[in-house]
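Below is one structure, written out as structure tokens; the observations come after it.
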Amino acid sequence: MRKFDTQVQLLKYKVLREVARAEWEDRLDQAVFDIPKLIAPGPHSTMRCCIYKERAIVSERIHMAMGGNPDNPNAIEVLSIACDECPTSGYAVTEICRGCLAHRCQDACPKGAISFKNDQHAVIDKTKCVNCGLCAKACPYSAIVDRKRPCENACKIKAISMAPTGEAQIDNSKCISCGACSYQCPFGAIMDKSYIVDVVRILKDSARENVRVYAVIAPSISSQFSYAKLGQVVSGIKALGFHTVVEAALGADMVAWDESAELEEKGLLTSSCCPAFVEYIAKAFPELQDKVSHNPSPMVAIAKYIKSTDPTGKVVFIGPCTAKKNEFRKESVRPWVDSVLTFEELQALFDSRDLEISTLPEDVLDNASYYGRIFARSGGLSEAVAQAFSEKGSDFQAKPVVCSGIEECRMALMKLARGIGDFNFIEGMACVNGCINGAGCVTHGAKNKSEVDKYGREAMEKNISDAISMLR
């Protein structure tokens with residue numbers, strides 16, 4: 001069994017693997033009833049209160065593995081039956097409270113929400129509390145803490161709250177589909193929709209119809225599948241039935257080249273590579289949408305090139321990003337990208353065909369430059385844009401602010417909205433450290449950045465202009 005960060009990821013993988021296996025074998029209609037018993041055989045439960053709830057949760061996961069709720073436009077959904085209905089978030093008095101005489105917490109509360117029981121311990125009236133936190137600051141014992149559900153704590157844009165019935169709910173008007181909540185939920189009650197069934201069908205149809213299917217892989221793949229060499233991963237993708245494997249990093253080279261020209265022309269710009277960041281601007285800072293680069297993401301840039309050379313071909317993007325599952329369904333993107341998989345789903349796809357990729361011969365990837373490949377980490381895009389200016393011989397000076405995670409993005413966008421700050425380019429990455437920490441990664445670790453840089457140095461093309469010369 002592959003090593004995943006958590007048991008939640010392992011369960012998700014098992015369901016995806018069995019769903020894909022059943023679709024390959026044209027028996028998915030029956031398998032939806034059989035898989036719950038395969039994953040949770042019983043008779044005793046191992047994860048939940050009873051074997052029946054375990055199987056019901058697996059059934060919901062199967063539904064998500066087959067595309068989820070078609071009426072919900074969001075790629076991220078809550079599995080209500082799996083939600084543990086964690087205690088209500090907010091400030092709470094812990095057992096550390098000494099019932100002191102000072103009652104500073106009570107005096108600090110502007111709403112009169114704090115009283116004292118007979119044993120003199122403080123009590124917070126939740127019907128009055130507004131979660132201002134003044135009581136916690138005033139307590140000399142640090143006995144009052146701000147408790148948050150893991151999903152709420154992970155969501156930095158406050159798109160998750162508690163439904164009247166107790167389970168988590170997502171506000172689609174705020175959500176940017178970054179997937180942070182799905183990775184952090186200890187019960188796996190939040191999950192990204194999967195298009196793994198669609199991809200299997202595309203591959204099966206291509207074999208019958210003699211249509212080429214192109215796998216576009218994100219550069220952060222270099223930090224994944226540590227049990228095999230990258231060349232073996234490429235061979236494994238081809239063994240699944242893909243015609244060839246193309247680097248999204250080549251699209252990144254194209255974007256860096258064009259984005260530098262747009263920045264020089266306009267003088268002020270935000271990046272357009274991270275779909276979650278672009279969505280965040282649209283929802284939280286709509287007045288700044290005209291500052292977003294008009295260039296497509298690297299995924300779309302390279303997909304457009306592929307389909308210009310092979311109009312009947314199909315393109316499947318494989319990467320770490322759950323927000324890509326929303327991006328590819330946009331009207332402007334749908335003609336170019338046919339489906340999206342995460343690295344988690346790619347692992348499940350390998351094992352659905354019993355492919356032991358560590359035994360395969362190594363194939364090669366030599367499309368992109370060093371600068372296109374380092375797009376996978378924070379700061380990579382800014383370095384690439386600066387390199388593009390250098391290669392063009394331009395005197396324009398880029399002054400980037402590199403945002404690692406949505407909180408840093410918020411700060412930079414607030415400064416931009418107020419017209420303060422000495423910068424002319426915002427590189428926004430919704431995930432901390434960039435794509436190498438995307439929710440759809442198999443593993444998350446500190447080594448990821450170094451692995452991406454090493455992958456970049458191995459590029460045959462050292463300059464952006466050399467990498468894109470064959471495309472223009």
Side-chain angles (χ1 to χ4, degrees), residues 1-70 72 76-88 149-151 154 162-170 179 181-197 200 227 322 341-356 439-444:
M1 190 61 64
R2 308 300 179 205
K3 181 175 175 58
F4 292 87
D5 286 348
T6 69
Q7 291 298 308
V8 170
Q9 282 184 289
L10 182 60
L11 173 61
K12 180 181 180 181
Y13 152 80
K14 288 179 179 178
V15 173
L16 289 167
R17 179 193 63 199
E18 294 308 319
V19 166
R21 193 192 304 275
E23 178 57 35
W24 282 116
E25 298 171 0
D26 297 317
R27 56 177 180 83
L28 185 55
D29 288 347
Q30 177 57 41
V32 296
F33 302 104
D34 300 332
I35 293 172
K37 293 180 180 179
L38 179 66
I39 303 295
H44 303 295
S45 61
T46 59
M47 299 175 285
R48 294 302 182 107
C49 59
C50 65
I51 192 65
Y52 305 106
K53 183 165 185 177
E54 286 188 359
R55 289 173 181 170
I57 291 171
V58 171
S59 293
E60 285 299 306
R61 286 184 162 276
I62 292 171
H63 177 63
M64 288 294 288
M66 296 173 65
N69 179 4
N72 184 355
I76 310 295
E77 292 187 15
V78 176
L79 308 182
S80 297
I81 192 174
C83 183
D84 190 53
E85 300 179 13
C86 304
T88 304
R149 291 179 168 196
C151 56
M162 183 179 69
T165 47
E167 74 275 7
Q169 62 182 3
I170 298 174
C181 56
S182 63
Y183 179 70
Q184 290 298 334
C185 177
F187 283 89
I190 305 177
M191 184 176 170
D192 54 306
K193 295 174 179 176
S194 177
Y195 298 100
I196 197 168
V197 172
V200 172
Y227 63 91
T322 54
L341 291 175
T342 63
F343 294 139
E344 286 180 317
E345 291 161 340
L346 178 59
Q347 181 63 74
L349 208 54
F350 284 148
D351 293 343
S352 74
R353 300 300 275 169
D354 297 320
L355 284 173
E356 186 52 64
C441 286
V442 176
T443 59
H444 302 71

Checklist entry - Are E77 and I170 close enough, and set up right, to give a side-chain contact (heavy atoms from CB on, under 4.5 Å), and what steps lead you there? => result CA-CA 8 Å; E77 292 187 15; I170 298 174; 5.9 Å; no
Please check this pair: side chain of [X] against backbone of [Y], looking for a donor-acceptor N/O pair closer than 3.5 Å.
X   : Y    : value
R61 : G188 : yes
R48 : A82  : yes
Q9  : V442 : yes
E54 : M47  : yes

Any side-chain heavy atom of [X] within less than 4.5 Å of one from [Y]?
X    : Y    : answer
R27  : D34  : no
F33  : I62  : no
Y13  : D351 : yes
C185 : V8   : no
T6   : K12  : no

Could you grab the distance from atom [atom1] of [X] to atom [atom2] of [Y], nearest 0.5 Å is fine?
X    : Y    : atom1 : atom2 : value
E23  : D29  : CD    : CG    : 8.5 Å
E60  : S80  : CD    : OG    : 8.0 Å
I39  : E18  : CD1   : CD    : 5.5 Å
I190 : I76  : CD1   : CD1   : 8.5 Å
Y183 : D192 : OH    : CG    : 13.5 Å
R17  : Q347 : CZ    : CD    : 10.0 Å

Item to check | Chi angles and distances behind the salt bridge (Lys or Arg N to Asp or Glu O under 4.0 Å) call for R21, D354 | outcome: CA-CA 9 Å; R21 193 192 304 275; D354 297 320; 3.4 Å; yes
Which atoms form the tightest heavy-atom contact between [X] and [Y], and what is the distance?
X    : Y    : answer
P150 : C86  : CD-SG, 4.1 Å
G440 : T342 : O-CB, 3.7 Å
C49  : K53  : SG-CD, 3.9 Å
E167 : R149 : C-NH1, 3.7 Å
A20  : I196 : CB-CD1, 3.9 Å
L16  : A348 : CB-CB, 3.7 Å

Item to check | side-chain contact (heavy atoms from CB on, under 4.5 Å) between E345 and Y195, intermediate numbers included | outcome: CA-CA 9 Å; E345 291 161 340; Y195 298 100; over 6 Å; no
Next on the checklist: side-chain contact (heavy atoms from CB on, under 4.5 Å) for N72 and K193? Distances and angles first, verdict last.
Outcome noted: CA-CA 10 Å; N72 184 355; K193 295 174 179 176; 4.1 Å; yes
Item to check | Working for side-chain contact (heavy atoms from CB on, under 4.5 Å), residues F4 and L11 | outcome: CA-CA 10 Å; F4 292 87; L11 173 61; over 6 Å; no
